[in-house]
Amino acid sequence: MENSINTEYLETPYGELIIGSYEDKLCLCDWRYRKMRASIDIRIKTGLDADFIYQTSSVIENTISQLTEYFRGERTEFDIPLHFVGSDFQKQVWNALVQIPYGKTMTYMELSKQINNAKAIRAVGAANGANAISIIIPCHRIVGSDGDLVGYAGGLKTKMKLLQLEKALINDQISMFNFH
């Protein structure tokens, strides 16, 4: 493989991320120690016909800068060129996720209706779980139909902390959430 995906690690207050760029676009911003790490990395490498190299880029530096502002509560939107690596359906779900505003949550059902496929709740959940650009593609803003915090690559405690950062949860709500 001649192509390369520049990667760098970022330690955050919420866990360690691996950030990757390809052809001046962000293709990876994911929790380094997530359960699906190997399969996500294989999908990206195969989809781009490229291999990871440990080297920064202007896109990675811009991403780190914007994430730092986000974690300090100074940024509510990201302005980074993205490169999705996945099926057309996954890309449709990820594009819908980007539309969920800072500080808001949505259920899997609402997200499946938003993409005009109300019966695809499980497929939407799977696409959400396959998201390789965490935080920037805000899959942490998706909750279960009953309001429970369910499924997050960075762990449910991280999901809760991100939603608290965004003030998407009020303090009384936090104690109501069950972790599955």
Side-chain angles (χ1 to χ4, degrees), residues 3-71 75-106 108 111 114-115 123-143 151-156 158-159 161-163 165-166 168:
N3 297 326
S4 60
I5 302 161
N6 292 5
T7 61
E8 192 171 316
Y9 297 108
L10 175 65
E11 189 62 51
T12 78
Y14 302 86
E16 192 171 3
L17 294 169
I18 179 172
I19 301 172
S21 68
Y22 178 78
E23 295 183 346
D24 298 321
K25 292 184 179 178
L26 187 72
C27 63
L28 179 65
C29 180
D30 203 8
W31 302 102
R32 184 174 181 185
Y33 299 107
R34 72 176 289 177
K35 289 178 184 172
M36 293 175 56
R37 174 82 281 127
S39 62
I40 297 280
D41 292 349
I42 289 168
R43 185 183 80 225
I44 291 171
K45 289 178 184 181
T46 303
L48 297 175
D49 191 26
D51 217 343
F52 290 163
I53 62 168
Y54 190 75
Q55 179 178 313
T56 196
S57 70
S58 59
V59 170
I60 289 173
E61 290 172 7
N62 186 23
T63 301
I64 290 171
S65 175
Q66 290 191 31
L67 284 169
T68 300
E69 292 169 355
Y70 168 83
F71 293 131
R75 176 175 287 276
T76 60
E77 293 181 9
F78 295 96
D79 181 21
I80 300 165
L82 304 177
H83 186 100
F84 297 139
V85 181
S87 69
D88 289 343
F89 180 80
Q90 288 171 325
K91 291 174 186 177
Q92 182 182 22
V93 171
W94 300 333
N95 276 310
L97 284 169
V98 173
Q99 305 306 313
I100 302 171
Y102 181 94
K104 302 291 181 191
T105 60
M106 183 179 281
Y108 291 102
L111 186 59
Q114 186 172 323
I115 64 166
V124 163
N128 205 50
N131 175 23
I133 307 178
S134 286
I135 301 171
I136 294 160
I137 307 217
C139 53
H140 62 280
R141 295 180 186 153
I142 298 296
V143 297
Y152 186 61
L156 294 179
T158 298
K159 182 175 188 165
K161 287 179 183 179
L162 291 170
L163 292 172
L165 172 71
E166 296 184 8

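None of the values given here were measured: they were computed from a predicted structure. In this chain, numbering begins with 1 at the start of the sequence shown.
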- Derivation and outcome, side-chain hydrogen bond (donor to acceptor under 3.5 Å, both in side chains), residues Asn95 and Gln99: CA-CA 7 Å; Asn95 276 310; Gln99 305 306 313; 5.9 Å; no
Supply the atom-to-atom distance [X] [atom1] to [Y] [atom2], rounded to the nearest 0.5 angstrom.
{"X": "Asp51", "Y": "Ile5", "atom1": "CG", "atom2": "CD1", "value": "7.0 Å"}
{"X": "Ser57", "Y": "Glu8", "atom1": "OG", "atom2": "CD", "value": "8.0 Å"}
{"X": "Thr76", "Y": "Glu166", "atom1": "OG1", "atom2": "CD", "value": "9.0 Å"}
{"X": "Ile53", "Y": "Asn3", "atom1": "CD1", "atom2": "CG", "value": "10.5 Å"}
{"X": "Asn131", "Y": "Gln90", "atom1": "CG", "atom2": "CD", "value": "9.5 Å"}
{"X": "Thr7", "Y": "Ile60", "atom1": "OG1", "atom2": "CD1", "value": "6.5 Å"}

For the residue pair [X] and [Y], establish whether any side-chain heavy-atom pair is separated by less than 4.5 Å.
{"X": "Ile133", "Y": "Asp30", "answer": "no"}
{"X": "Ile80", "Y": "Lys25", "answer": "no"}
{"X": "Asn62", "Y": "Phe78", "answer": "no"}
{"X": "Phe84", "Y": "Ile137", "answer": "yes"}
{"X": "Ile44", "Y": "Phe52", "answer": "yes"}

- Could you list the residues that satisfy side-chain contact (heavy atoms from CB on, under 4.5 Å) with Gln92, not counting sequence neighbours? Phe89, Ile115
- Task: Take Lys45 and Val85, measure what side chain to side chain contact (heavy atoms under 4.5 Å, CB included) needs, and give me the verdict at the end.
- Result: CA-CA 9 Å; Lys45 289 178 184 181; Val85 181; over 6 Å; no
Where [X] and [Y] come nearest, the two heavy atoms and their spacing:
{"X": "Ser134", "Y": "Cys139", "answer": "OG-SG, 4.4 Å"}
{"X": "Ala50", "Y": "Tyr22", "answer": "CB-CE1, 3.9 Å"}
{"X": "Ala168", "Y": "Thr105", "answer": "CB-CG2, 4.1 Å"}
{"X": "Ala130", "Y": "Arg43", "answer": "O-NH2, 2.9 Å"}

- Item | Evaluation steps, side chain to side chain contact (heavy atoms under 4.5 Å, CB included), between Leu17 and Leu67 | CA-CA 11 Å; Leu17 294 169; Leu67 284 169; 3.9 Å; yes
Tell me whether [X] contacts the main-chain N or O of [Y] through its side chain, where contact means a donor paired with an acceptor under 3.5 Å.
{"X": "Trp94", "Y": "Ala127", "value": "yes"}
{"X": "Thr46", "Y": "Ile42", "value": "yes"}
{"X": "Arg141", "Y": "Met106", "value": "no"}

- Query: Val124 and side-chain contact (heavy atoms from CB on, under 4.5 Å): which partner among Val93, Ile142, Leu97?
  - Reply: Val93
- Message: Given His83, which partner from the list Val59, Leu26, Leu48 fulfils the side-chain contact (heavy atoms from CB on, under 4.5 Å) test?
- Response: Leu48
- Message: Walk me through whether Ile40 and Trp31 qualify under side chain to side chain contact (heavy atoms under 4.5 Å, CB included).
- Response: CA-CA 11 Å; Ile40 297 280; Trp31 302 102; over 6 Å; no
Could you give the side-chain donor-acceptor pairs of residues 9-16 under 3.5 Å, partners two or more places apart or in another chain?
unit_1	atom_1	unit_2	atom_2	d
Thr12	OG1	Tyr14	N	2.9
Thr12	OG1	Gly15	N	3.1
Thr12	OG1	Gly15	O	2.6
Glu16	OE2	Arg32	NH1	2.9

- Message: When you compare the side chains of Glu77 and Tyr70, does any donor N or O come within less than 3.5 Å of an acceptor on the partner?
- Response: no
- Message: Counting only heavy atoms from other residues, nucleotides and ligands, does the tally under 6.0 Å from NZ of Lys91 exceed 12?
- Response: yes
- Evaluate side chain to side chain contact (heavy atoms under 4.5 Å, CB included) for Tyr102 paired with Arg75, printing each intermediate quantity in order. CA-CA 9 Å; Tyr102 181 94; Arg75 176 175 287 276; over 6 Å; no
- Task: Scan for salt bridge (charged side-chain N to carboxylate O under 4.0 Å, His left out) pairs involving residues 125-134, sequence neighbours excluded, and state none if there are none.
- Result: none
